[in-house]
Amino acid sequence: MRIATFNINGIKARLPRLIEWLEETQPDVACLQEIKTSDETFPEKDIAAAGYGAIWHGQKGFNGVAILARGQMPVEIARGLEGEAEDEHSRYLEADVDGIRVASIYLPNGNPQPGPKFDYKLRWMHRLRLRAAQIWAEEVPAVLAGDYNVIPQDRDTFSVKAMETDALMQPESRAAYRRLLGDGWTDALASRHPQGGVWTYWDYQANSWPRDAGFRIDHLLLSPAAADRLKDAQVDKDHRGREKASDHAPAWVELG
DNA sequence: ATGTCCCGTCGTACGGGA
(Lines give C-alpha, C1' and ligand atoms only; values in the text may rest on other atoms or scores of the structure.)
Protein backbone atom coordinates (compact mmCIF):
# COMPACT_ATOMS: atom_id res chain seq x y z
CA MET A 1 0.00 0.00 0.00
CA ARG A 2 1.47 3.33 -1.08
CA ILE A 3 0.56 6.53 0.75
CA ALA A 4 1.73 9.81 -0.76
CA THR A 5 1.76 13.48 0.20
CA PHE A 6 1.82 16.30 -2.33
CA ASN A 7 1.64 20.04 -1.79
CA ILE A 8 0.17 20.93 -5.16
CA ASN A 9 0.11 24.75 -4.78
CA GLY A 10 -3.35 25.32 -6.24
CA ILE A 11 -5.49 22.38 -7.37
CA LYS A 12 -7.17 24.34 -10.16
CA ALA A 13 -3.94 25.58 -11.74
CA ARG A 14 -2.38 22.14 -11.20
CA LEU A 15 -5.24 19.82 -12.13
CA PRO A 16 -3.62 18.37 -15.32
CA ARG A 17 -0.39 17.75 -13.38
CA LEU A 18 -2.29 16.15 -10.50
CA ILE A 19 -4.29 13.81 -12.74
CA GLU A 20 -1.14 12.90 -14.64
CA TRP A 21 0.68 12.06 -11.41
CA LEU A 22 -2.25 9.95 -10.11
CA GLU A 23 -2.45 7.99 -13.37
CA GLU A 24 1.31 7.46 -13.63
CA THR A 25 2.05 6.50 -10.04
CA GLN A 26 -1.33 5.15 -8.82
CA PRO A 27 -0.91 5.89 -5.10
CA ASP A 28 -3.46 4.12 -2.90
CA VAL A 29 -3.81 7.27 -0.80
CA ALA A 30 -2.83 10.83 -1.70
CA CYS A 31 -2.75 13.60 0.90
CA LEU A 32 -2.89 17.00 -0.78
CA GLN A 33 -2.02 20.42 0.64
CA GLU A 34 -2.47 23.98 -0.55
CA ILE A 35 -5.45 23.14 -2.72
CA LYS A 36 -6.26 26.90 -2.52
CA THR A 37 -9.93 26.48 -3.34
CA SER A 38 -13.24 26.78 -1.53
CA ASP A 39 -15.18 23.60 -0.84
CA GLU A 40 -17.68 24.43 -3.59
CA THR A 41 -15.07 24.58 -6.37
CA PHE A 42 -13.07 21.45 -5.51
CA PRO A 43 -12.70 19.43 -8.78
CA GLU A 44 -14.42 16.34 -7.38
CA LYS A 45 -15.58 15.04 -10.78
CA ASP A 46 -12.13 15.15 -12.40
CA ILE A 47 -10.64 13.28 -9.46
CA ALA A 48 -13.45 10.70 -9.50
CA ALA A 49 -12.86 10.21 -13.24
CA ALA A 50 -9.24 9.38 -12.41
CA GLY A 51 -10.53 6.65 -10.09
CA TYR A 52 -10.25 8.35 -6.70
CA GLY A 53 -12.70 9.03 -3.91
CA ALA A 54 -11.93 12.25 -2.07
CA ILE A 55 -12.68 14.32 1.00
CA TRP A 56 -11.47 17.89 1.34
CA HIS A 57 -11.27 20.84 3.70
CA GLY A 58 -11.10 23.89 1.49
CA GLN A 59 -10.55 27.60 1.95
CA LYS A 60 -10.87 30.39 -0.59
CA GLY A 61 -7.53 31.49 -1.94
CA PHE A 62 -5.22 29.94 0.65
CA ASN A 63 -4.36 26.71 2.42
CA GLY A 64 -6.77 23.77 2.05
CA VAL A 65 -6.14 20.02 2.38
CA ALA A 66 -7.61 16.86 0.87
CA ILE A 67 -7.33 13.07 1.12
CA LEU A 68 -7.79 10.90 -1.99
CA ALA A 69 -8.18 7.11 -2.00
CA ARG A 70 -7.95 4.90 -5.07
CA GLY A 71 -11.19 3.05 -5.75
CA GLN A 72 -12.86 4.01 -2.48
CA MET A 73 -13.97 6.88 -0.27
CA PRO A 74 -11.80 7.89 2.68
CA VAL A 75 -13.80 7.72 5.92
CA GLU A 76 -13.43 11.11 7.57
CA ILE A 77 -12.32 11.07 11.21
CA ALA A 78 -11.39 14.70 11.95
CA ARG A 79 -11.36 18.11 10.31
CA GLY A 80 -9.21 20.83 11.86
CA LEU A 81 -7.23 20.69 15.11
CA GLU A 82 -8.72 21.43 18.49
CA GLY A 83 -7.38 23.99 20.91
CA GLU A 84 -7.79 27.35 19.14
CA ALA A 85 -11.43 28.14 18.34
CA GLU A 86 -10.62 31.31 16.39
CA ASP A 87 -8.27 29.46 14.00
CA GLU A 88 -10.14 29.23 10.70
CA HIS A 89 -7.29 28.06 8.49
CA SER A 90 -7.98 24.79 6.66
CA ARG A 91 -4.84 22.85 7.45
CA TYR A 92 -5.78 19.46 8.88
CA LEU A 93 -7.87 16.54 7.67
CA GLU A 94 -7.86 12.97 8.98
CA ALA A 95 -9.42 9.80 7.60
CA ASP A 96 -9.32 6.01 7.68
CA VAL A 97 -8.48 4.12 4.49
CA ASP A 98 -8.17 0.32 4.49
CA GLY A 99 -7.51 0.18 8.21
CA ILE A 100 -4.83 2.89 8.11
CA ARG A 101 -5.30 6.23 9.82
CA VAL A 102 -4.11 9.00 7.51
CA ALA A 103 -3.73 12.72 8.19
CA SER A 104 -3.15 15.43 5.60
CA ILE A 105 -1.23 18.27 7.24
CA TYR A 106 -0.43 21.77 6.04
CA LEU A 107 1.60 23.23 8.86
CA PRO A 108 1.90 27.03 8.97
CA ASN A 109 4.96 28.46 7.23
CA GLY A 110 5.70 30.89 10.07
CA ASN A 111 7.58 33.56 8.14
CA PRO A 112 8.51 36.22 8.88
CA GLN A 113 10.05 35.32 12.21
CA PRO A 114 9.93 36.47 14.88
CA GLY A 115 6.34 37.63 14.78
CA PRO A 116 2.70 36.58 15.09
CA LYS A 117 2.90 34.15 12.18
CA PHE A 118 5.80 32.33 13.81
CA ASP A 119 3.95 32.25 17.14
CA TYR A 120 0.95 30.75 15.34
CA LYS A 121 3.19 28.11 13.77
CA LEU A 122 4.53 27.02 17.15
CA ARG A 123 1.06 26.95 18.72
CA TRP A 124 -0.19 24.88 15.77
CA MET A 125 2.68 22.42 16.19
CA HIS A 126 1.72 22.01 19.84
CA ARG A 127 -1.91 21.33 18.88
CA LEU A 128 -0.76 18.81 16.28
CA ARG A 129 1.32 17.02 18.91
CA LEU A 130 -1.74 16.71 21.16
CA ARG A 131 -3.78 15.21 18.29
CA ALA A 132 -0.93 12.86 17.40
CA ALA A 133 -0.93 11.61 21.00
CA GLN A 134 -4.65 10.84 20.77
CA ILE A 135 -4.07 8.85 17.57
CA TRP A 136 -1.13 7.09 19.22
CA ALA A 137 -3.39 6.02 22.08
CA GLU A 138 -5.73 4.33 19.59
CA GLU A 139 -2.84 2.03 18.59
CA VAL A 140 -3.89 2.08 14.94
CA PRO A 141 -1.39 2.04 12.08
CA ALA A 142 -1.15 5.75 11.23
CA VAL A 143 0.61 7.98 8.71
CA LEU A 144 0.75 11.72 9.44
CA ALA A 145 1.65 13.11 6.05
CA GLY A 146 2.04 16.61 4.74
CA ASP A 147 3.92 19.84 4.35
CA TYR A 148 5.36 20.38 7.83
CA ASN A 149 7.27 23.51 6.81
CA VAL A 150 10.17 22.31 8.99
CA ILE A 151 13.69 21.46 7.83
CA PRO A 152 14.48 18.85 10.50
CA GLN A 153 18.29 18.83 10.34
CA ASP A 154 21.16 20.59 8.55
CA ARG A 155 21.47 17.62 6.16
CA ASP A 156 17.93 18.40 4.94
CA THR A 157 18.80 21.63 3.12
CA PHE A 158 21.07 22.62 0.22
CA SER A 159 22.35 25.52 2.32
CA VAL A 160 22.17 26.09 6.06
CA LYS A 161 23.39 29.64 5.55
CA ALA A 162 20.70 30.51 3.00
CA MET A 163 17.99 29.30 5.38
CA GLU A 164 19.37 30.24 8.78
CA THR A 165 16.90 33.08 9.49
CA ASP A 166 13.94 31.26 7.94
CA ALA A 167 11.06 30.05 10.13
CA LEU A 168 11.46 26.58 8.58
CA MET A 169 14.81 26.08 10.28
CA GLN A 170 14.57 27.91 13.61
CA PRO A 171 15.58 25.96 16.74
CA GLU A 172 12.00 26.26 18.08
CA SER A 173 10.55 24.78 14.86
CA ARG A 174 13.04 21.95 14.91
CA ALA A 175 12.49 21.28 18.62
CA ALA A 176 8.73 21.02 18.11
CA TYR A 177 9.25 18.57 15.25
CA ARG A 178 11.79 16.61 17.28
CA ARG A 179 9.25 16.28 20.09
CA LEU A 180 6.98 14.38 17.70
CA LEU A 181 9.84 12.01 16.91
CA GLY A 182 10.57 11.77 20.62
CA ASP A 183 6.98 10.65 21.16
CA GLY A 184 7.84 7.66 18.97
CA TRP A 185 6.78 8.69 15.46
CA THR A 186 9.13 7.59 12.66
CA ASP A 187 10.18 10.07 9.98
CA ALA A 188 9.92 7.65 7.04
CA LEU A 189 12.11 9.51 4.52
CA ALA A 190 14.81 10.13 7.14
CA SER A 191 14.79 6.49 8.22
CA ARG A 192 15.25 5.28 4.63
CA HIS A 193 17.75 8.02 3.64
CA PRO A 194 19.79 8.71 6.79
CA GLN A 195 22.57 10.37 4.80
CA GLY A 196 20.28 13.32 3.98
CA GLY A 197 20.36 15.26 0.73
CA VAL A 198 16.77 14.31 -0.13
CA TRP A 199 14.68 17.33 -1.12
CA THR A 200 10.91 17.70 -1.49
CA TYR A 201 10.78 21.44 -2.26
CA TRP A 202 12.56 23.76 -4.68
CA ASP A 203 11.66 27.46 -4.70
CA TYR A 204 10.34 28.93 -7.94
CA GLN A 205 12.80 31.76 -7.47
CA ALA A 206 16.56 32.07 -7.75
CA ASN A 207 16.92 29.27 -10.30
CA SER A 208 16.50 26.79 -7.45
CA TRP A 209 15.34 23.76 -9.44
CA PRO A 210 18.08 23.76 -12.12
CA ARG A 211 20.79 24.09 -9.47
CA ASP A 212 19.05 21.57 -7.15
CA ALA A 213 18.80 24.13 -4.36
CA GLY A 214 16.06 22.40 -2.39
CA PHE A 215 15.21 21.21 1.05
CA ARG A 216 13.09 18.58 2.80
CA ILE A 217 9.91 19.88 4.43
CA ASP A 218 7.29 17.31 3.35
CA HIS A 219 7.26 14.47 5.84
CA LEU A 220 5.46 11.19 6.53
CA LEU A 221 5.43 10.26 10.21
CA LEU A 222 4.62 6.64 11.00
CA SER A 223 3.13 5.11 14.12
CA PRO A 224 4.86 1.91 15.33
CA ALA A 225 2.31 -0.35 13.62
CA ALA A 226 2.90 1.51 10.33
CA ALA A 227 6.69 1.71 10.78
CA ASP A 228 6.80 -2.07 11.17
CA ARG A 229 5.34 -2.33 7.67
CA LEU A 230 7.64 0.28 6.01
CA LYS A 231 9.15 -1.10 2.79
CA ASP A 232 10.26 2.08 1.04
CA ALA A 233 10.05 5.87 1.12
CA GLN A 234 10.84 8.06 -1.86
CA VAL A 235 10.27 11.38 -3.61
CA ASP A 236 8.74 11.60 -7.11
CA LYS A 237 11.41 14.13 -7.99
CA ASP A 238 10.87 14.16 -11.75
CA HIS A 239 7.40 15.66 -11.30
CA ARG A 240 9.03 18.86 -10.01
CA GLY A 241 10.72 19.37 -13.37
CA ARG A 242 7.61 19.33 -15.54
CA GLU A 243 5.71 22.18 -17.19
CA LYS A 244 3.59 24.13 -14.70
CA ALA A 245 4.91 22.01 -11.82
CA SER A 246 4.22 22.67 -8.15
CA ASP A 247 7.20 23.94 -6.16
CA HIS A 248 6.93 20.69 -4.13
CA ALA A 249 7.47 17.13 -5.37
CA PRO A 250 5.28 14.27 -4.12
CA ALA A 251 6.74 12.07 -1.38
CA TRP A 252 5.48 8.63 -0.41
CA VAL A 253 5.81 5.50 1.70
CA GLU A 254 5.22 1.91 0.68
CA LEU A 255 3.76 -0.22 3.47
CA GLY A 256 3.75 -3.99 3.25
C1' DA B 1 17.57 43.16 -2.60
C1' DT B 2 16.16 40.41 -6.23
C1' DG B 3 13.78 36.41 -8.28
C1' DT B 4 8.59 33.34 -9.32
C1' DC B 5 4.20 31.48 -8.99
C1' DC B 6 -0.91 31.10 -7.44
C1' DC B 7 -5.05 33.27 -5.77
C1' DG B 8 -8.84 36.77 -5.78
C1' DT B 9 -10.29 41.10 -7.19
C1' DC B 10 -14.53 47.48 -6.95
C1' DG B 11 -10.01 42.63 -12.40
C1' DT B 12 -7.02 42.89 -17.38
C1' DA B 13 -2.45 45.07 -12.44
C1' DC B 14 -1.79 44.43 -7.99
C1' DG B 15 -1.20 42.82 -3.12
C1' DG B 16 -0.97 38.77 -0.01
C1' DG B 17 1.16 34.50 0.78
C1' DA B 18 4.73 31.30 0.12
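Just so we're on the same page: letters track the sequence lines, and every chain starts at 1. Not measured: the values here are computed from a predicted model.
- Residue Tyr106(A) is in sugar-phosphate contact alone, with no base atom involved, counting any heavy-atom pair closer than 4.0 Å across all strands shown.
- Here the separation of dT2(B) from dG15(B), taken at their P atoms, is 13 Å to the nearest Å.
- To the nearest angstrom, C1' of dC6(B) lies 4 Å from NZ of Lys36(A).
- The separation of dC7(B) from dT12(B), taken at their C1' atoms, amounts to 15 Å, rounded to a whole angstrom.
- You'll find the side chain of Arg70(A) stays beyond 4.5 Å of the side chain of Val29(A), heavy atoms only.
- dA18(B) atom P lies 12 Å from atom CG of Leu107(A), rounded to whole Å.
- Between the P atoms of dC10(B) and dC5(B), the separation comes to 26 Å (whole Å).
- Atom CE in Met163(A) sits roughly 11 Å away from atom C1' in dA18(B) (whole-Å rounding).
- The interatomic distance linking Phe6(A) (CZ) with dC6(B) (P) rounds to 12 Å, in whole Å.
- The interatomic distance linking Glu243(A) (CD) with dC6(B) (P) rounds to 11 Å, in whole Å.
- A donor and an acceptor atom, one from each side chain of Gln113(A) and Asn111(A), are nowhere located under 3.5 Å apart.
- Residue Glu34(A) has its side chain nearest to dA18(B) when only dC6(B), dA18(B), dG3(B) are considered.
- Residue-level contact check: Ala13(A) touches the backbone only, with heavy atoms under 4.0 Å from sugar-phosphate atoms and none from bases.
- Along DNA chain B, the nucleotide nearest to Tyr204(A) and the one nearest to Phe62(A) differ in position, and the one closer to the 5' end is contacted by Tyr204(A).
- Contact between the side-chain N/O atoms of Lys117(A) and the OP1/OP2 oxygens of dG17(B) is found at a separation under 4.0 Å.
- Each of Gly61(A) and His89(A) has a nearest nucleotide on DNA chain B; the 5'-most of these lies closest to Gly61(A).
- In this structure, the CG atom of Asp218(A) is 13 Å from the C1' atom of dA18(B), given to the nearest Å.
- Phosphate contact (OP1/OP2 of dT9(B), side-chain N/O of Lys60(A), threshold under 4.0 Å): present.
- Using a 4.0 Å cut-off, some side-chain N or O of Lys244(A) falls inside it from OP1 or OP2 of dC6(B).
- Nearest heavy atom pair, residue Ala249(A) against residue Val235(A), reads CB-CG1, 3.7 Å.
- Tyr148(A) and His219(A) have tilted rings, their planes meeting at an angle from 30° to 60° on a 0 to 90° scale.
- Counting to the nearest Å, the C1' atom of dC6(B) and the CG atom of Asp203(A) are 13 Å from each other.
- Across dA1(B) and dA13(B), the matching P atoms stand 29 Å from one another, rounded to whole Å.
- Between the CD atom of Gln33(A) and the P atom of dC7(B) there is a distance of 16 Å, given to the nearest Å.
- Close to dG8(B), at under 4.0 Å from its OP1 or OP2, lies a side-chain N or O of Lys12(A).
- With no hydrogens or angles considered, no side-chain donor-acceptor pair links Tyr201(A) and Asn7(A) at under 3.5 Å.
- When side chains are defined from C-beta on, Phe118(A) counts as touching Gln170(A), because their heavy atoms get closer than 4.5 Å.
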